[in-house]
2 protein chains.
Amino acid sequence: MTPDQASELAETFRLLGEPNRLLLVTECLDGPRSVTELTEAIGASQSLVSHHLRLLRAARLLRQRRDGKNVFYDLPDCHVATMLTNMMEHIDESDNETEGLIK
Amino acid sequence: MTPDQASELAETFRLLGEPNRLLLVTECLDGPRSVTELTEAIGASQSLVSHHLRLLRAARLLRQRRDGKNVFYDLPDCHVATMLTNMMEHIDESDNETEGLIK
DNA sequence: TTGATGTATAAACATCTGTTCATATATTGC
DNA sequence: GCAATATATGAACAGATGTTTATACATCAA
């Protein structure tokens, strides 16, 4: 893997590496969600949600579509959705181990 | 997905979301690597590599094993290796699209 | 047009993070 | 023991990041 490829892939991971953003993306796994729905789902302020959504759509991790007063977000058809689904299936497997802590 | 699960998964993504750390992990995909090898491979300072390795092993993304004067790092047998391999296989697919930029 | 609702943006700020520099801790060979 | 090599740690700091507050923009109904 070249440094450029690493930076590109890391950028995706970095965006998913924030709990609120990860929740926003996973909420959209089952279909389009309006900003209001997303705001209620993750329990953050509307402004914060909007800021995070901006980053996610800039990186094309989410797509935006307006319908009347609402704006809906969903995942474009890409491997990120598949990867996330796979990760979530295996999320409990490593819970048996004690969480690692920095000395 | 619960907020706790999101935080846990996000923590893994966050660690992989830094180019140097991602390179360190991918370098170890094909087998154990010494700190010296890793340092040369990613072209960073020894100190920086060591700092990053500390974070990665604290999160159990990498395992540490000393052999004489050298310390070798490798991936524990977990789904992270599989995920990374899958992601790297598909890394070029989304390159056709223009990179998203914040206005 | 006005008000109401939904969403986005800008500024400001405290905290977090990556990095460097210096130094400490192993481990081996002499 | 000492020197040399390999790795880890601590302090310090600039820059990035997540969040809040306030405000702007968009859409629809009356």
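Quick caveat: nothing in here was measured; it's all calculated off a predicted structure. Within every chain, numbering begins at 1; the chains are lettered A, B, ... in the order of the sequence lines, protein sequences first and strands thereafter.
Hydrophobic clustering (ILVMFWY, side-chain heavy atoms < 4.5 Å, transitive): F72(B) and L62(B) are in distinct clusters. Taking hydrophobic clusters as Ile, Leu, Val, Met, Phe, Trp and Tyr residues chained together by side-chain heavy-atom distances below 4.5 Å, L56(B) does not share a cluster with L48(B).
A donor-acceptor contact under 3.5 Å links the side chain of S47(A) to the base of dT9(C).
Here the side chain of R14(A) is nearest to one of dT17(D), dT7(C), dT19(D), namely dT17(D). Relative to the side chain of H51(A), the nucleotides dG18(D), dT9(D), dT9(C) differ in distance, and dT9(C) lies closest. When distances are taken from the side chain of L48(B) to each of dT19(C), dT7(C), dT17(D), the shortest belongs to dT19(C).
A donor-acceptor distance shorter than 3.5 angstrom exists from the side chain of T39(B) to the backbone of V35(B), with no hydrogens or angles considered. In this structure, T85(A) contributes its side chain and A81(A) its backbone to a donor-acceptor pair below 3.5 Å.
Separating the CG atom of L55(B) from the C1' atom of dT19(C) is a distance of 12 Å, rounded to the nearest angstrom. The CD1-C1' distance, from I42(A) to dG18(D), rounds to 12 Å in whole Å. What separates CD of E37(A) from P of dG6(C) is a distance of 11 Å, to the nearest Å. L56(A) has its CG atom 14 Å from the P atom of dT17(D), to the nearest Å. Following rounding to the nearest Å, E18(A) (CD) and dT15(C) (P) show an atom-to-atom distance of 17 Å. The CZ atom of R54(B) sits 13 Å away from the C1' atom of dT19(C) (whole-angstrom rounding). If you take CZ of R57(A) and C1' of dT9(C), they are 10 Å apart, rounded to a whole angstrom.
Near DNA chain D, meaning a heavy atom under 4.0 Å away, the residues from residues 62-74 of chain A are R66(A), G68(A), K69(A).
The side chain to side chain contact (heavy atoms under 4.5 Å, CB included) test with F13(A) is passed by exactly one of L15(B), T12(B), L16(B): L16(B). Only one option out of R57(A), R63(A), R33(A), R65(A) pairs with Y73(A) in a side-chain hydrogen bond (donor to acceptor under 3.5 Å, both in side chains); it is R57(A).
Here H52(B) lies in heavy-atom contact (under 4.0 Å) with sugar-phosphate atoms only. Among the atoms of the strands shown, base atoms are found under 4.0 Å from some heavy atom of Q46(A).
Contact check for L29(A) versus M88(A): side-chain heavy atoms found under the 4.5 Å cut-off.
Mapping S45(A) and T36(B) onto DNA chain D by nearest heavy atom places T36(B) at the nucleotide closer to the 5' end.
Between R21(B) and dG18(C) there is a side-chain N or O to OP1 or OP2 distance below 4.0 Å.
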